[in-house]
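Not measured: the values here are computed from a predicted model. Worth knowing before you read on, the calculation uses all heavy atoms, side chains too, and leaves out hydrogens, waters and symmetry mates.
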Amino acid sequence: MDRGLDVFNTLPADHVRELLLSCCAAPGWAAAVAAGRPYADRAELTAAARARIGALPWPEVVGAVAAHPRIGRPPTGTGRDAEWSRREQAAATAASGTAASAAGTVASGPGVATELAEVNDAYEQRFGYRFLIFANGRGAAELVAAARQRLHHDPDTEQGVVRTELGDIAALRLGRLVDDMAAPAPLSSHVLDTTTGTPAAGIAVRLDAADPGGGWRTVATGHTDADGRLRDWAPGAGWAAGTYRLAFDVADRLGVDAFYTEIPVVFTVRDAARHHHVPLLLSPYGYTTYRGS
């Protein structure tokens with residue numbers, strides 16, 4: 001079983017679209033890939049991702065390209081896409097890298113940044129958008145040479161190359177995203193019915209994350225198992241410090257005479273690397289929750 005793909009296939013649509021934008025910053029692409037779920041395997045997912053990029057209107061492709069940092073100038077941000085860009089450009093930005101000079105000789109050290117900056121400028125002047133290439137594992141010399149070769153393309157040919165490069169990058173990042181989703185779930189819960197002294201099975205539970213601008217965004221949904229537990233349901237991908245809300249739908253469990261129909265538990269995660277366990281002790285007229293382990 002591919003746990004990462006299973007999580008990807010079952011995440012709420014809004015959340016998976018947001019995660020997909022770190023793979024390719026084209027909203028139409030993210031929406032189309034999310035709408036194509038469930039995928040039978042990773043090969044089907046990757047093929048669909050590439051096909052959706054091929055079908056994007058050109059302005060959306062240019063927008064997605066603009067979201068990538070310049071080759072040789074990786075970002076300083078802390079987001080998932082920024083971290084991936086740094087990894088992908090590591091070989092090109094290494095201090096010991098080399099790049100071919102305009103005269104065909106080889107420059108090294110500080111000359112690398114100059115060579116990359118020059119070829120980026122020339123490309124943008126030629127085509128009107130940022131130079132994009134699948135840079136993972138490729139040194140500066142190879143990237144500069146590829147950019148100079150592509151400067152000879154006509155605009156239609158180059159647009160086809162850009163779509164291919166964008167598809168290669170998205171496919172790599174999509175694989176990494178699904179791998180992240182296979183990580184152990186960062187949050188668990190256990191619901192006990194104290195009136196019967198038994199686990200509360202089948203309770204619908206929703207996990208929301210507080211948005212910085214206000215409001216809540218649903219990131220996971222699930223039901224307690226026969227032992228009243230929720231284990232592998234909250235995805236590790238996207239889990240970060242912040243404020244969260246667990247909403248337990250207890251109306252059916254407690255019956256029509258119960259006072260509570262839904263129980264919200266709001267909590268703050270300060271260390272996202274730690275596992276969090278939030279149990280619920282339930283009765284018709286009261287409940288208890290605590291930070292477990």
Which heavy-atom pair separates Glu60 from Gly28 by the least distance, and what is that distance?
-> OE1-N, 3.0 Å
What do you reckon, is CZ of Arg270 surrounded by more than 12 foreign heavy atoms closer than 6.0 Å?
-> no
Tell me, with the steps shown, if Arg3 and Met181 meet side chain to side chain contact (heavy atoms under 4.5 Å, CB included).
-> CA-CA 7 Å; Arg3 167 173 158 72; Met181 290 178 176; over 6 Å; no
Of all heavy-atom pairs between Leu282 and Arg253, which one has the smallest distance, and what is that distance?
-> CD2-CG, 4.2 Å
Please report the closest heavy-atom contact between Tyr290 and Pro279, naming both atoms and the distance.
-> O-CD, 2.9 Å
State yes or no: do Ile53 and Val161 share one hydrophobic cluster built from I, L, V, M, F, W and Y residues joined by side-chain heavy-atom distances below 4.5 Å, directly or via other members?
-> no
Taking Glu124 for its side chain and Arg130 for its backbone only, find out whether a donor-acceptor pair lies under 3.5 Å.
-> no
Which pair of non-hydrogen atoms, one from Ala31 and one from Arg17, has the smallest distance, and what is that distance?
-> CA-CD, 3.7 Å
Step through the shown structure and confirm whether more than 12 heavy atoms of other residues, nucleotides or ligands are within 6.0 Å of CG on Asp252.
-> no
Between Tyr129 and Trp58, what is the ring plane arrangement, given parallel below 30°, perpendicular above 60°, and tilted in between?
-> perpendicular
Quick one: do Asp225 and Arg231 satisfy side chain to side chain contact (heavy atoms under 4.5 Å, CB included)? Show the steps, please.
-> CA-CA 9 Å; Asp225 62 17; Arg231 309 172 196 264; 3.4 Å; yes
Answer yes or no: is there a side-chain heavy-atom contact under 4.5 Å between Val65 and Glu165?
-> no
Got a salt bridge between Arg148 and Glu115, using NZ or NE/NH1/NH2 to carboxylate O under 4.0 Å?
-> yes
Is there a donor-acceptor contact under 3.5 Å from the side chain of Ser22 to the main chain of Leu19?
-> yes
Using a strict 4.0 Å threshold on nitrogen-to-oxygen distance, state whether Glu83 and Arg176 make a salt bridge.
-> no
Which atoms form the tightest heavy-atom contact between Ala258 and Leu254, and what is the distance?
-> CB-CB, 3.3 Å
Charged N to carboxylate O below 4.0 Å: is that the case for Arg173 and Asp180?
-> no
Taking all atoms of both residues into account, what is the closest heavy-atom pair of Tyr39 and Val33, and its distance?
-> OH-O, 2.6 Å
Can you label the angle between the Tyr260 ring and the Tyr287 ring as parallel, tilted or perpendicular, going by 30° and 60°?
-> perpendicular
Does atom CZ of Arg42 have more than 12 heavy-atom neighbours from other groups under 6.0 Å away?
-> yes
Would you call Ile169 and Leu132 a side-chain contact if the rule is heavy atoms closer than 4.5 Å?
-> yes
Please lay out, stage by stage, how Asn120 and Arg73 fare under the test side chain to side chain contact (heavy atoms under 4.5 Å, CB included).
-> CA-CA 10 Å; Asn120 273 293; Arg73 191 183 298 170; over 6 Å; no
No-hydrogen, no-angle side-chain donor-acceptor test under 3.5 Å, Glu158 and Tyr123 | yes
Evaluate the criterion side chain to side chain contact (heavy atoms under 4.5 Å, CB included) for residue pair Leu166 and Trp29; output intermediate values, then yes/no.
-> CA-CA 11 Å; Leu166 189 63; Trp29 176 85; over 6 Å; no
